[in-house]
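Below is one structure, written out as structure tokens, with a few remarks after it.
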Amino acid sequence: MNSRIWLFDAGNTLVFLDHDVVADLASVPSSAVRRAEGVAKRRYETKLREGSGHASGWDVFMTTLLEEAGAADPPSALHALKAEHARFNLWRRVPEGLLDALDRAAEAGVRMGVVSNSEGQLKRLFARVGLAGRFEVVIDSAIVGISKPDPRIFAVALEAMQVSHPSEATYVGDIPSVDIDGARAAGLRAILVDELDFYPEQPDRRRSIVALVQAIAAGRV
């Protein structure tokens, strides 16, 4: 089935963690941050699966990332990362070619929205990185008061887009039990983006968000 309604996660799906910035603030190699991210994602995943909110999950993610990357003083580095994240979201890197791919998808009549666990500043981030105006809706968990994997957050987006049935839409995210399981519980089709190959055991995963959006624009997905 070629879906014409697509919802996307934000972090590590449309905007990616800036490993260089994290490495600089934590005084560790960027390659170590990159390697540690998979472990941190799985800890965040477990935290949310146990019923915790995004805010506490964020702390677990970052603490794990710092410890796994070998930071000498994780608490101090965490403080610095929180300050920088408040100034300019650490998930700020937009893959080359993504903006053009999104524009081509829109020109092809694809309807697009965003559903993200975030801190209430997602629209501000999108304005800074060039993503503003490309989505019909941007659902930020901190604003609506519901976090993935709760299926209700997907229903908020579908209602805002006036989509009559969830099976008409496909969700794209990067964490299996948060994004994929949550979307499927809400009745959506779901696809995993796994650019750094953290989840090789997962079916129906794509290694490139740009290639996926290009395929969406061409009607091949």
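Just so you know, these numbers use all the heavy atoms, side chains as well, and skip hydrogens, waters and symmetry mates. Quick note: residue numbers are just sequence positions, from 1.
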| remark: Heavy-atom nearest pair, Ala32 first then Ala69, reads CB-O, 3.7 Å
| message | Restricting to salt bridge (charged side-chain N to carboxylate O under 4.0 Å, His left out), what partner residues turn up for Asp73, sequence neighbours left out? | response | none
| message | Tell me whether Asp174 is salt-bridged to Lys41, with the criterion being a basic N under 4.0 Å from an acidic carboxylate O. | response | yes
| task | Could you pull out the closest heavy-atom pair between His19 and Ser30, with the gap in Å? | result | CB-OG, 3.5 Å
| message | Between Asp59 and Lys82, does any NZ, NE, NH1 or NH2 come within less than 4.0 Å of an OD or OE carboxylate oxygen? | response | yes
| Quick one: does NZ or CZ of Arg134 land under 6.0 Å from the six-membered ring centre of Phe126, within 45 degrees of the ring axis? | no
| query | What heavy-atom pair brings Ala26 and Ala71 nearest, and what distance separates the two atoms? | reply | O-CB, 4.2 Å
| note | Taken in chain and number order and not counting sequence neighbours, the residues that satisfy salt bridge (charged side-chain N to carboxylate O under 4.0 Å, His left out) with Glu84 are Arg87, Arg92
| Side chains of Thr46 and Glu50: do they bring a donor and an acceptor to under 3.5 Å? | no
Which atom pairs, donor and acceptor, lie under 3.5 Å between side-chain atoms of residues 145-159 and protein residues at least two apart or in another chain?
{"residue": "Lys148", "atom": "NZ", "partner": "Asp9", "partner atom": "OD1", "Å": "2.8"}
{"residue": "Lys148", "atom": "NZ", "partner": "Tyr171", "partner atom": "OH", "Å": "3.0"}
{"residue": "Lys148", "atom": "NZ", "partner": "Asp179", "partner atom": "OD1", "Å": "2.6"}
{"residue": "Asp150", "atom": "OD1", "partner": "Arg152", "partner atom": "N", "Å": "2.9"}
{"residue": "Asp150", "atom": "OD1", "partner": "Arg152", "partner atom": "NE", "Å": "3.1"}
{"residue": "Asp150", "atom": "OD2", "partner": "Arg152", "partner atom": "NE", "Å": "3.0"}
{"residue": "Asp150", "atom": "OD2", "partner": "Arg152", "partner atom": "NH2", "Å": "2.7"}

| query | So which heavy atom on Ala142 is nearest to which on Gly120, and how close? | reply | CB-N, 3.3 Å
| message | Taking salt bridge (charged side-chain N to carboxylate O under 4.0 Å, His left out) as the definition, give me every residue that meets it alongside Asp194, ordered by chain and number, with sequence neighbours left out. | response | Arg205
| said: For a 4.5 angstrom cut-off between non-hydrogen side-chain atoms, does Arg206 reach Glu195? | reply: no
Validation: residues 209-217 side-chain donor-acceptor distances under 3.5 Å, sequence neighbours left out:
none

| request: Only counting residues at least two apart or in another chain, list the ones meeting salt bridge (charged side-chain N to carboxylate O under 4.0 Å, His left out) with Arg42. | output: Glu201
| task | Starting at OG1 of Thr170, measure out to CH2 of Trp6 and round the result to the nearest 0.5 Å. | result | 4.5 Å
| field | Sub-4.5 Å side-chain heavy-atom contact between Leu65 and Arg43 | value | no
